[in-house]
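One-based numbering, in listed order, for ligands and for the atoms of each. Quantities reported herein were computed from a predicted structural model and do not represent experimental measurements.
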Amino acid sequence: MNEIALRLSQHLRTEAAEIGELAAVLDQIAVAGKLIARELGRASLIGQLGLTGDVNVQGEAVKKLDVWANDVMVRVLDASGVVCTMVSEEMDEPLHLAERCPAGQYVVCFDPVDGSSNLDVNGIVGTIFSVRRRRGRGIDHAAADAVQPGSAQVAAGYVMYGPSTMLVYTAGKGVHAFTLDPTIGEFVRSRQHIQTPGRGHIYSVNEAHAPVWAPGIREYIDYLRARDPASGRPYTARYVGSMVADVHRTLLEGGIFLYPGEVGADGKTSGKLRLQYEAAPMAFLIEQAGGKASTGRERIQDIHPASAHQRVPILIGSRDDVTMAEEFAAGRR
Ligand code: AHM
Ligand code: MG
């Protein structure tokens, strides 16, 4: 028993002087996390696994839990009273709550159940969120509010549904982790001011896509696999296929997680992971922990989204590992 256990709600109360109404947004996301964790825990028993039969705007088969969790996120954020625009992987268009605009200061981008290919095998999934301020006032600003660069984030994080449920967030003052104690239904602080090691020994990537990567990325992975004990190689490979789980491990243990771009016949590179609710929030977290996140060419946080569901390549993790990956990607090594 941790005698000095601090609940998330208490922690947010002490932060409220600095983060203001953002505390209400984070508190509501914690509520959604508890509801989603409960549903995941019994999903196979109540027929919540499997597909709805629909296909989303991104051409992916929609799962029942994706839709259910999206609805939960929309309802809890609406109830916060301070969110007026939402962008979700599960909604084709941004959702603008015009009636909230007089008071609603925040735009929240989220992926309600990320890594959902793991759902049917009882694997780890997560909810990723990213909070920005509204730029303008009035509904006419809503479209611009929905596409802001990662550098505009005021908070970001994820809830990870693993052996325990964890909420990890930053509001620009370090990265803090809370673990759900199911016996009291509360997130309790388990780590403060998490720092990612400057260099790790794990790489995490779906290597089946190696034939469509740029040559520099293939050379980088070959380099990590080569045996050279003096420079700490070979690295170890770990890949869950759930960004939250793979980034969480990288955040704590260091190393690098990559989802490199696919180089098409036209020579153009396209990523898989979505900028606004996958790449940018993880980039904010990892930078707050002393790490780096880039596309290989530019810092993730500097990218201005061209559209709500824009995809980007991503290299994220320990500072030295990401720097080396960028050098390989640029052909400088
Ligand atoms: P999703 O939002 O449809 O679940 O897709 C995102 C997920 C990430 O969690 C994970 O890093 C990646 O897709 C895995 O993709 P792949 O199966 O191609 O390796
Ligand atoms: Mg996702």
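In this structure, R7 is not positioned above the aromatic face of F187 in the sense of NZ or CZ being under 6.0 Å from the six-membered ring centre and within 45° of the axis.
The ligand atoms of ligand 1 that sit less than 4.0 angstrom from a heavy atom of G241 are 9 (O), 10 (C), 14 (C). Residue S242 has at least one heavy-atom neighbour below 4.0 Å for each of these atoms of ligand 1: 9 (O). Taking a cut-off of under 4.0 Å to the non-hydrogen atoms of S116, the atoms of ligand 1 that pass are 4 (O). Per-residue contacts place E278 under 4.0 angstrom from the following atoms of ligand 1 (heavy atoms of the residue considered): 2 (O), 6 (C). Taking every heavy atom of H209 and a limit of under 4.0 angstrom, the matching atoms of ligand 1 come to 18 (O). For ligand 1, the atoms closer than 4.0 angstrom to any heavy atom of D111 are 2 (O). Less than 4.0 angstrom separates some heavy atom of R274 from each of these atoms of ligand 1: 1 (P), 2 (O), 3 (O), 5 (O).
Note on ring orientation: taking the six-membered ring where Trp is involved, the planes of H176 and H193 are perpendicular (angle over 60°, cut-offs 30° and 60°). Taking the six-membered ring where tryptophan is involved, the planes of Y220 and F328 are tilted, since the angle between them lies from 30° to 60°.
Residue contacts with ligand 1 for F257 involve side-chain atoms from C-beta outward but no N, CA, C or O (heavy atoms, distance under 4.0 Å). Residue-level proximity to ligand 1 for L273 is carried by the side chain, the only part with a heavy atom below 4.0 angstrom. Residue contacts with ligand 1, taken as heavy atom pairs separated by less than 4.0 Å, do not involve V244 at all.
Within the structure, ligand 1 lacks S117 among the residues with a heavy atom less than 4.0 angstrom away. Between D114 and ligand 1 there is a heavy-atom distance shorter than 4.0 Å.
Sorted by first then second residue, the ring-ring contact (aromatic ring centres under 6.0 Å, His included) pairs that include residues 265-287, not counting sequence neighbours, are Y277-H309.
Inclusion of Y239 in the set of residues having an N or O under 3.5 Å from an N or O of ligand 1 is warranted. Residue G115 places at least one N or O, backbone or side chain, under 3.5 Å from an N or O of ligand 1. At least one N or O atom of N206 sits closer than 3.5 Å to an N or O atom of ligand 1.
The closest heavy-atom contact to atom 2 (O) of ligand 1, among the options M243, E207, K63, E89, comes from E89.
By the rule that hydrophobic residues join a cluster once side-chain heavy atoms approach within less than 4.5 Å of another member, M91 and V107 end up as members of separate clusters.
Look at D145 and R135 and you find no salt bridge, because none of the NZ, NE, NH1 or NH2 atoms lies under 4.0 Å from a carboxylate O. For the pair R249 and E253, the salt-bridge criterion is not met [side-chain N within less than 4.0 Å of a carboxylate O]. Contact check on D71 versus R75 returns a salt bridge, with a Lys/Arg side-chain nitrogen under 4.0 Å from an Asp/Glu carboxylate oxygen. Taking the charged nitrogens against the carboxylate oxygens, E287 and R299 do have a contact shorter than 4.0 Å, which makes a salt bridge. At a threshold of 4.0 Å, the pair R274-E60 counts as salt-bridged, since one of the basic side-chain nitrogens sits closer than that to a carboxylate oxygen. Ion pairing of E326 with K292 is present here, as a side-chain N (NZ or NE/NH1/NH2) and a carboxylate O approach within less than 4.0 Å. Ion pairing of E39 with K64 is absent here, as no side-chain N (NZ or NE/NH1/NH2) approaches a carboxylate O to less than 4.0 Å. Using a 4.0 Å cut-off between a side-chain N of Lys or Arg and a carboxylate O of Asp or Glu, E15 and K173 qualify as a salt bridge.
Of all protein heavy atoms, the one closest to atom 18 (O) of ligand 1 is Y259 OH, 2.5 Å. Ranking protein heavy atoms by distance to atom 12 (C) of ligand 1, first place goes to K272 NZ, 3.8 Å.
Nearest heavy atoms, Q148 versus P305: O-CG, 3.4 Å. In terms of heavy-atom proximity, P112 sits nearest to S88 at CD-OG, 3.7 Å.
Excluding waters, the set of protein N/O/S atoms under 2.8 Å from the Mg ion (ligand 2) reads E89 OE1, D111 OD2, D114 OD1, E278 OE2.
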